[in-house]
Undergrad: 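Please see the structure below; I have some questions.
The chain is numbered in sequence order, starting from 1. None of these values were measured; they are calculated from a predicted model.
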Amino acid sequence: MSAPLDDAVRSAGDRVAQRMLALSHDLHAHPETAWEEVRSCARVAGELADAGFTVAERFTGLETAFVARRGTGPLHLAVCAEYDALPGLGHACGHNVIAAISTGAALALEPYVDDLGITLSVFGTPAEEGGGGKIEMLDRGGFAGIHATAMVHPGPVDVARAEPYAVSHSHIQYDGKAAHAAAYPDRGINAADAFTIAQVAIGLLRQQLPHDVRVHGVMTNGGEAPNSIPRRTEGRWYVRAASLAELTDLEQRVARCFEAGALATGCELTVTAESKPYAEFRTDEGLLDAYVRRAEQLGRRFSSGADSRMNRASTDMGNVSQRIPAIHPYIGIDSLPAVNHQPEFAAAAISPAADRATIDGARALALTLLDAATDPVTRQRLLADGDEG
């Protein structure tokens, strides 16, 4: 690592800090859900275009994806920017912070890409919240030629290692037959009963499931009127396991619970995958060591215990990590007792502590990529891995 370059990247990070915070707050004020992030995508891509990056919109054919590139060096490093929000909760997972961190890191490195001999890419990745945007981009060749990629996710506290569940996302639909609930109930087929039976079966199944498995969901349509037998019910269900291999077996057991609801009531069951399954995460140890060192130099302190469990949250970055060296650390925004996916966490995502985390995260991420480019062993390893892939 070159000390002058180290100082230069730090100084560049300082210069773009206010732009990063403006971006974070702007995205937070205009939340857009999965596959609908038109304004957010344009906002992040525009920030990079203004800084001299070449931007390709609608990347891999996805309306709200982009890639921004700078440099032509042989080592191709990338950061991922997420910007989708949660339905009804806004940026309660802090994706505004993610986008600002990745953008800030790229802006800090941009003046030095030629000196470092790198190509630097920023991927604008839509629909992380259940839509699997990165998986679509990956399967369409969007990450081809990348030697390493990284991003930093906000949580209540700093946690270095991502250990997410593999997860499948399913839309569940039961179709029955409507009838007057008082006068002609015998002529109806109750789709709400089917859902009730399925949920009871899942509740009973949990006793026989491994302790680290998660099965959970919500009903999004429970019927139209209390005096009409519900003709259709719908819901969204997630099944999580330690790995994709374990998930396959688990999904079959959960599927039988939904089938039981259809069998008992006579309803028709339709199960539709909302995305391809998210994989477990494969951490690049060398890159993670560099990030931890850089974050600690900035005064960050890593936690463990009950408050650090956000690192178990599923992410489509797991699929990327299965093919490309990657890291996905978490940076704390001092939100406790609020945690991710609570309204209070959304409020905390533009707090002074979140702003500090945004600046620290961008600096640490930029310096981690600087280390990857300038450490001869790491650089050669990443280049060799890319050639083998």
Undergrad: Report the C-alpha distance between Glu136 and Thr60 in whole Å, list the side-chain angles of each, state the deciding distance to 0.1 Å, and finish with yes or no for side chain to side chain contact (heavy atoms under 4.5 Å, CB included).
TA: CA-CA 8 Å; Glu136 292 298 324; Thr60 67; 6.0 Å; no

Undergrad: Listed by chain and number, what are the ring-ring contact (aromatic ring centres under 6.0 Å, His included) partners of His91, not counting sequence neighbours?
TA: none

Undergrad: Using the side chain to side chain donor-acceptor pair (under 3.5 Å) criterion, which residues pair with Arg70? Sequence neighbours excluded.
TA: Glu110

Undergrad: Using side-chain heavy atoms (C-beta onward) and a distance below 4.5 Å, is Leu244 in contact with Thr248?
TA: no

Undergrad: State, to 0.1 Å, how close Pro325 and Asp284 come at their nearest heavy-atom pair, and which atoms those are.
TA: CB-OD2, 3.4 Å

Undergrad: Could you measure the distance from the OG atom of Ser308 to the CZ atom of Arg161? Nearest 0.5 Å is fine.
TA: 12.5 Å

Undergrad: Partners of Arg256 by salt bridge (Lys or Arg N to Asp or Glu O under 4.0 Å), sequence neighbours excluded?
TA: none

Undergrad: What pair of heavy atoms forms the shortest contact from Leu86 to Cys93, and how long is it?
TA: CD1-N, 4.0 Å

Undergrad: Are Gln208 and Arg253 close enough that some pair of their side-chain heavy atoms sits under 4.5 Å apart?
TA: yes

Undergrad: Charged N to carboxylate O under 4.0 angstrom, Glu128 versus Lys134?
TA: no

Undergrad: If we only count heavy atoms from C-beta on, is the Pro277 to Val167 side-chain gap below 4.5 Å?
TA: no

Undergrad: At their closest point, which heavy atom of Ala262 faces which heavy atom of Leu269, and how far apart are they?
TA: CB-CB, 3.9 Å

Undergrad: Going from CD1 on Ile101 to SG on Cys80, what distance comes out if it is rounded to the nearest 0.5 angstrom?
TA: 13.0 Å

Undergrad: Could you verify whether a donor N or O on one side chain and an acceptor N or O on the other, from Arg69 and Thr54, lie under 3.5 Å apart?
TA: no

Undergrad: Could you pull out the closest heavy-atom pair between Ser243 and Ala166, with the gap in Å?
TA: C-CB, 3.5 Å

Undergrad: List for me each residue that meets ring-ring contact (aromatic ring centres under 6.0 Å, His included) alongside His76, sequence neighbours excluded, and say none if there are none.
TA: none

Undergrad: Run the ring-ring contact (aromatic ring centres under 6.0 Å, His included) test against Tyr165 and tell me which residues pass, sequence neighbours left out.
TA: none

Undergrad: What ring-ring contact (aromatic ring centres under 6.0 Å, His included) pairs are there with at least one residue in residues 28-51, not counting sequence neighbours?
TA: none

Undergrad: Do Glu234 and His171 make a side-chain contact, defined as non-hydrogen atoms from C-beta onward lying under 4.5 Å apart?
TA: yes

Undergrad: Checking the side chain of Asp316 only, and the main-chain atoms of Tyr278 only, is there a donor and an acceptor separated by less than 3.5 Å?
TA: no

Undergrad: Hey, are Arg379 and Asp371 close enough for a salt bridge, meaning a charged N less than 4.0 Å from a carboxylate O?
TA: no

Undergrad: A side-chain contact here means heavy atoms from C-beta on lying under 4.5 Å apart; do Met151 and Leu365 qualify?
TA: no

Undergrad: Check whether any side-chain heavy atom of Cys267 sits under 4.5 Å from a side-chain heavy atom of Asp175, and report yes or no.
TA: no

Undergrad: Mark yes or no for whether Thr233, through its side chain, and Ala191, through its backbone, hold a donor-acceptor pair below 3.5 Å.
TA: yes

Undergrad: Determine whether the side chains of His328 and Asn311 contain a donor N or O and an acceptor N or O closer than 3.5 Å.
TA: no

Undergrad: Check this for me: does any side-chain nitrogen of one of Arg312 and Asp212 sit under 4.0 Å from a carboxylate oxygen of the other?
TA: no

Undergrad: Taking the basic N atoms (NZ, or NE/NH1/NH2) and the acidic carboxylate oxygens, is any pair closer than 4.0 Å for Glu37 and Arg43?
TA: no

Undergrad: Would a distance-only check, ignoring hydrogens and angles, find a side-chain to backbone donor-acceptor pair under 3.5 Å from Ser321 to Arg282?
TA: yes

Undergrad: May I ask you to decide if Ala99's main-chain N or O and Thr103's side chain share a donor-acceptor pair within less than 3.5 Å?
TA: yes

Undergrad: Are Asn340 and Gln342 close enough that a side-chain donor and a side-chain acceptor fall under 3.5 Å?
TA: no

Undergrad: Just so I know, are the side chains of Arg236 and Ile172 near enough to count as touching, which here means a heavy-atom distance under 4.5 Å?
TA: no

Undergrad: Any donor-acceptor pair under 3.5 Å linking the side-chain atoms of His25 with those of Asn96?
TA: no

Undergrad: Of all residues at least two apart in sequence or in a different chain, which pass the side chain to side chain contact (heavy atoms under 4.5 Å, CB included) check with Asp139?
TA: Ile135, Lys276, Arg323

Undergrad: Find the distance between CD1 (Ile146) and OG1 (Thr119) and round it off to the nearest 0.5 Å.
TA: 8.5 Å

Undergrad: More than 12 foreign heavy atoms under 6.0 Å from CD of Gln322: is that the case here?
TA: yes

Undergrad: Is Asp360 salt-bridged to Arg294, going by a charged N under 4.0 Å from an acidic O?
TA: no

Undergrad: Between Arg240 and Val213 (side chain of the first, backbone of the second, donor and acceptor by atom type, cut-off under 3.5 Å), is there such a pair?
TA: no

Undergrad: Could you note down all residue pairs passing ring-ring contact (aromatic ring centres under 6.0 Å, His included) where residues 238-269 supplies at least one of them, sequence neighbours left out?
TA: His169-Tyr238, His216-Tyr238, Trp237-Phe258

Undergrad: Taking only Lys NZ, Arg NE, NH1 and NH2, and the carboxylate oxygens of Asp or Glu, determine whether Arg381 and Asp375 approach each other closer than 4.0 Å.
TA: no

Undergrad: Holding to salt bridge (Lys or Arg N to Asp or Glu O under 4.0 Å), I want the full list of residues that pass it with Arg187, two or more places apart in sequence or in another chain.
TA: none

Undergrad: Report whether Ile359 and Tyr330 are members of the same hydrophobic cluster (ILVMFWY, side-chain heavy atoms less than 4.5 Å apart, transitive linking).
TA: no

Undergrad: State whether a side-chain donor-acceptor pair under 3.5 Å links Glu82 with Thr125.
TA: no

Undergrad: Write down the atom of Ala192, the atom of Pro230, and the distance for their closest heavy-atom approach.
TA: CB-CG, 3.7 Å

Undergrad: Give a yes-or-no answer on whether the side chains of Asp193 and Thr265 include a donor-acceptor pair shorter than 3.5 Å.
TA: no

Undergrad: For the pair Ser40 and Glu32, evaluate side-chain hydrogen bond (donor to acceptor under 3.5 Å, both in side chains) and give the outcome as yes or no after the intermediate values.
TA: CA-CA 7 Å; Ser40 301; Glu32 297 173 301; 2.7 Å; yes

Undergrad: Could you tell me if the ring centre of Phe123 sits under 6.0 Å from that of Phe143?
TA: yes

Undergrad: Any side-chain heavy-atom pair from Pro154 and Ile98 closer than 4.5 angstrom?
TA: yes

Undergrad: Run the side chain to side chain donor-acceptor pair (under 3.5 Å) test against Glu280 and tell me which residues pass, sequence neighbours left out.
TA: none

Undergrad: Determine whether a donor-acceptor pair (N or O, by modelled atom type, separation under 3.5 Å) exists between the side chain of Ser24 and the backbone of Leu21.
TA: no

Undergrad: Determine which pairs satisfy salt bridge (charged side-chain N to carboxylate O under 4.0 Å, His left out) with at least one residue from residues 54-68, sequence neighbours left out, and list them in order.
TA: Arg58-Glu63

Undergrad: Do Glu296 and Arg301 sit within salt-bridge range, that is, some charged N less than 4.0 Å from a carboxylate O?
TA: no

Undergrad: Has the side chain of His180 got a donor or acceptor atom that lies under 3.5 Å from a matching backbone atom of Ala183?
TA: yes

Undergrad: Is Thr283 reaching over with its side chain to a backbone N or O of Glu285, donor-acceptor style, under 3.5 angstrom?
TA: no

Undergrad: What orientation do Tyr291 and Phe302 show, parallel under 30°, tilted 30 to 60°, or perpendicular over 60°?
TA: perpendicular

Undergrad: Examine distances only and state if a side-chain atom of Ser228 and a backbone atom of Glu224 form a donor-acceptor pair shorter than 3.5 Å.
TA: no

Undergrad: Sub-3.5 Å donor-acceptor pair from the side chain of Asn319 to the main-chain atoms of Leu138, do we have one?
TA: no

Undergrad: Tell me every residue that passes ring-ring contact (aromatic ring centres under 6.0 Å, His included) with Tyr174, counting only those two or more places apart in sequence or in another chain.
TA: Phe195

